[in-house]
Engineer: 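First, the structure itself, so that you have it in front of you.
Computation of the quantities below employed the complete heavy-atom set of this structure, encompassing side-chain atoms and omitting hydrogens, waters and symmetry-equivalent molecules. Proteins come first, then strands; the chains are lettered A, B, ... in the order of their sequence lines, and each starts at number 1.
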There are 2 protein chains.
Amino acid sequence: MADKTICPKFESALNILNKRWTGLIIFQLLEGAQRFSTIEATIGISGRVLSERLKDLEKQGIVKRQVYDETPVRIEYALTEKGKALEPVLKSIQKWADGWMEKEKQSFI
Amino acid sequence: MADKTICPKFESALNILNKRWTGLIIFQLLEGAQRFSTIEATIGISGRVLSERLKDLEKQGIVKRQVYDETPVRIEYALTEKGKALEPVLKSIQKWADGWMEKEKQSFI
DNA sequence: TCATTAACTTACTTTATGTAACTAAGTATA
DNA sequence: TATACTTAGTTACATAAAGTAAGTTAATGA
């Protein structure tokens, strides 16, 4: 609880990906802007938490909320530049998963 | 809750880093094998959760527990090959943090 | 003998997440 | 006109995960 010797920028970056669902949300949005209900259904997150996460990510400047004033109104969530810059991170996770996750039967937990 | 179109290997890889503290633990161990109390003090995690995480990571084949039968006994946790293979992931997070985390004052949350 | 350290575990509290039902605004259907 | 449906959420409540603090075991050290 005392002497953190770790780079604070790195730590707060980790705190973003650390939270459940954020990685998956960003991964989804790398494919392009998406609506609330689409994200909800695709990654299997509850609406309550998705709403919470999107607000966090917006505050963090990673996601932007775009309102299209059609009838009915269409709202889409998209990555900002900062958000798109996370692509290499997600890609490197994917690469690791490809190389190491299949080799043993996974037990989850 | 239904139609996941995302690669399951990728998803379970994310589920590891997703959990609070795992990223930081692995980052610490990239510097070399470390003792329980060292990790605890350095990253500021509670003993209860550190114990839980190390067991998870061991089960996942990412960390190995090494017992040195000295007096007093010394126990060290080290990364396996699978664990070391996560270095590029952590590095890419660091790179992103360097490029993007400083540019705006961060609000945390 | 009493205190200390390492590596945990246990009991209990607080926080995060999940579930399900509800809301508001507009549209479509009977 | 009334009823039902859809989107993008919110609210209330239940369960799971994390934090806190104290306890445990074994081996020294003062």
Engineer: Please state whether the phosphate of D:dT7, meaning OP1 or OP2, lies under 4.0 angstrom from any side-chain nitrogen or oxygen of A:Y68.
Structural biologist: no
Engineer: Looking only at heavy atoms, what is the nearest atom pair of B:A78 and B:Q66, with distance?
Structural biologist: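 Nearest pair, atom of B:A78 first, then B:Q66: CB-OE1, 3.7 Å.
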Engineer: Enumerate the residue pairs fulfilling salt bridge (charged side-chain N to carboxylate O under 4.0 Å, His left out) with a member in residues 88-97 of chain B, sequence neighbours excluded, ordered by first and then second residue.
Structural biologist: B:E87-B:K91
Engineer: Starting at atom CD1 of B:I45, determine the distance to atom P of D:dA17, rounded to an integer number of angstrom.
Structural biologist: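 Checked: the CD1 to P distance equals 15 Å.
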Engineer: For a quick test of reading the model: is some side-chain N or O of B:R65 closer than 4.0 Å to OP1 or OP2 of C:dC8?
Structural biologist: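 Checking B:R65 against C:dC8: at least one side-chain N or O falls below 4.0 Å of OP1 or OP2.
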Engineer: Quick one, A:W100 and B:E81 - any side-chain contact, counting heavy atoms below 4.5 Å?
Structural biologist: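 A:W100 reaches B:E81 side chain to side chain.
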Engineer: So, B:K55 and B:E58, do they make that salt bridge, N to O below 4.0 Å?
Structural biologist: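 Salt bridge: no.
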Engineer: Name the residue from A:V63, A:L57, A:I25 that meets the side chain to side chain contact (heavy atoms under 4.5 Å, CB included) definition with A:L79.
Structural biologist: A:V63
Engineer: Quick test: give all pairs of protein nitrogen or oxygen and nucleotides 9-16 of chain C nitrogen or oxygen below 3.5 Å, distance rounded to 0.1 Å.
Structural biologist:
from, atom 1, to, atom 2, distance (Å)
C:dT9, OP1, B:K55, NZ, 3.0
C:dT9, OP2, B:S51, OG, 2.6
C:dT9, OP2, B:K55, NZ, 3.1

Engineer: Report the residue (A:S46 or B:R35) whose heavy-atom-nearest nucleotide on DNA chain C is the more 5′ of the two.
Structural biologist: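 Comparing both residues, the 5'-ward one is B:R35.
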Engineer: I want to check one thing: is the phosphate of D:dT7, taken as OP1 and OP2, less than 4.0 Å away from some side-chain N or O of A:S37?
Structural biologist: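 So the side chain of A:S37 is outside the cut-off, no N or O lying under 4.0 Å from OP1 or OP2 of D:dT7.
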Engineer: Side chains of B:L50 and B:W21, heavy atoms from C-beta outward: is any pair under 4.5 Å?
Structural biologist: no
